[in-house]
Amino acid sequence: MNRFALGLAVVAAAAAAGAAGLNYLRGHRLINRHVDDYRAHWESRPQDHPEGVLHYVALGDSAAQGVGATHVGASYVSLLGERLASATGRRVAITNLSISGAVSGDVVARQLPVLEDLGFTPDLVTLDIGGNDVVFAADNTVDSFASSFEAILAALPPGSFVGDVPWFMIPGLAQRSKTMTTRASHLIGAYGHHLVPIYRTMRETGYLRFHTNTAADWFHPNDKGYRAWADLFWETIEASGRLDELRAA
């Protein structure tokens, strides 16, 4: 390659990198707006609970809020609510206690007390937590995560549907997420809850296809990613036999 061609290649590469960086920043700003908008959506949902309604309660972090989806209806929590209504023929009331940015300790401190004081008994509970525990390594060790996670599981209604820790493709985070999900998976079974294998499914997607399921910030799931999460939770719910109980209620 001559110097002129090499120069053009360098300029093109720099332009591509700049464009990618600009797109990332734009996407990140959009994701940040999701945090406020989606929180407002869940907080504004009607709190009336007529007789016969199916109470679905979600706990967790920004993934349970749906951050990264193009609209809140594409979140896995919304999708599960729709599937529950279709499968049972009942009206579904979703109470979403999740908080964007939450780590496992935040679920213990801020979400479990609200769950305890809801004033009704949930028919179905889902939880996803751990992604922020992996990323915010300075404040969260594997042991502190496991301790908080165990406290959560002990407080959840029996037979809740609990995701393990998401997989991260970055080498250092990949090892942390693997170690944390190993601890989480053992605890989920030990406390009699249903394991939703988020880690394994994300890992099987692989390095080359990882970004096809993530939003513009390269962290949160996109619409496709949330459909995959909804499918995982739904498959676990179906396999548990819980739907038969909910139909008969």
Colleague: So, taking the atom named OH in Y207 and the one named CD1 in I170, what distance separates them when rounded to the nearest 0.5 Å?
Modeller: 10.5 Å
Colleague: Considering non-hydrogen atoms only, spot the tightest contact between L115 and P157 and give its length.
Modeller: CD2-CD, 4.3 Å
Colleague: Might you work through the side-chain hydrogen bond (donor to acceptor under 3.5 Å, both in side chains) test for S144 and S147, ending with a clear yes or no?
Modeller: CA-CA 5 Å; S144 68; S147 177; over 6 Å; no
Colleague: Quick one: which residue pairs count as a side-chain hydrogen bond (donor to acceptor under 3.5 Å, both in side chains) with a foot in residues 152-175, not counting sequence neighbours?
Modeller: D164-T181, Q175-T179
Colleague: Distance-only criterion, 3.5 Å: show the donor-acceptor pairs between side-chain atoms of residues 196-206 and protein atoms not counting sequence neighbours.
Modeller:
unit_1, atom_1, unit_2, atom_2, d
T201, OG1, P197, O, 3.1
T205, OG1, T201, O, 3.1

Colleague: Looking only at the side chains, is there a donor atom on one of S98 and Q65 sitting less than 3.5 Å from an acceptor on the other?
Modeller: yes
Colleague: Got a sec, which residues hit ring pair (Phe, Tyr, Trp, His ring centres under 6.0 Å) with F145, two or more places apart in sequence or on another chain?
Modeller: F149
Colleague: In Å, rounded to the nearest 0.5 Å, how long is the span from OG1 of T212 to CG of N222?
Modeller: 7.0 Å
Colleague: Between R183 and D143, is the salt bridge (Lys or Arg N to Asp or Glu O under 4.0 Å) condition met? List the steps.
Modeller: CA-CA 9 Å; R183 299 282 292 273; D143 287 339; 3.1 Å; yes
Colleague: Please determine whether residues W229 and I99 belong to a single hydrophobic cluster, defined as Ile, Leu, Val, Met, Phe, Trp and Tyr linked transitively by side-chain heavy-atom distances below 4.5 Å.
Modeller: no
Colleague: Is L79 reachable from L246 through a run of hydrophobic residues whose side-chain heavy atoms are each under 4.5 Å from the next?
Modeller: no
Colleague: How long is the straight-line distance from CG of L54 back to OH of Y56, given to the nearest 0.5 Å?
Modeller: 11.0 Å
Colleague: Side chains of Y76 and D231: any donor to acceptor distance under 3.5 Å?
Modeller: no
Colleague: How close do S78 and W42 get, counting heavy atoms only, and between which atoms?
Modeller: OG-CH2, 3.3 Å
Colleague: Between atom CG of L97 and atom CD of E43, what is the distance when rounded to the nearest 0.5 Å?
Modeller: 10.5 Å
Colleague: Taking all heavy atoms of A64 and all of V77, pick out the closest pair and write down the distance.
Modeller: O-CG2, 3.3 Å
Colleague: Atom CZ in R242, atom CD1 in I237: separation rounded to 0.5 Å?
Modeller: 8.5 Å
Colleague: Could you tell me which residues satisfy ring pair (Phe, Tyr, Trp, His ring centres under 6.0 Å) with H71, sequence neighbours excluded, listed by chain and number?
Modeller: none
Colleague: Nearest 0.5 Å, what's the CG-CD distance between D244 and E238?
Modeller: 10.0 Å
Colleague: Going by atom types only, do H220 and D217 share a side-chain donor-acceptor pair under 3.5 Å?
Modeller: yes
Colleague: If every non-hydrogen atom of L232 is compared with every non-hydrogen atom of T236, which pair is closest and at what distance?
Modeller: O-OG1, 2.9 Å
Colleague: Name every donor-acceptor pair, under 3.5 Å, that has one atom in a side chain of residues 103-113 and the other anywhere in the protein, sequence neighbours excluded.
Modeller:
unit_1, atom_1, unit_2, atom_2, d
S104, OG, D133, OD2, 2.8
D106, OD2, V103, N, 3.0
Q111, OE1, G60, N, 2.9
Q111, NE2, G60, O, 2.9

Colleague: In chain order, what residues pass the ring pair (Phe, Tyr, Trp, His ring centres under 6.0 Å) check against H41, with sequence neighbours excluded?
Modeller: none
Colleague: What are the two closest heavy atoms between L153 and I188, and how far apart are they?
Modeller: CD1-N, 3.7 Å
Colleague: If hydrophobic clusters are built by linking Ile, Leu, Val, Met, Phe, Trp and Tyr wherever their side-chain heavy atoms come under 4.5 Å apart, do V162 and L187 end up in the same one?
Modeller: yes
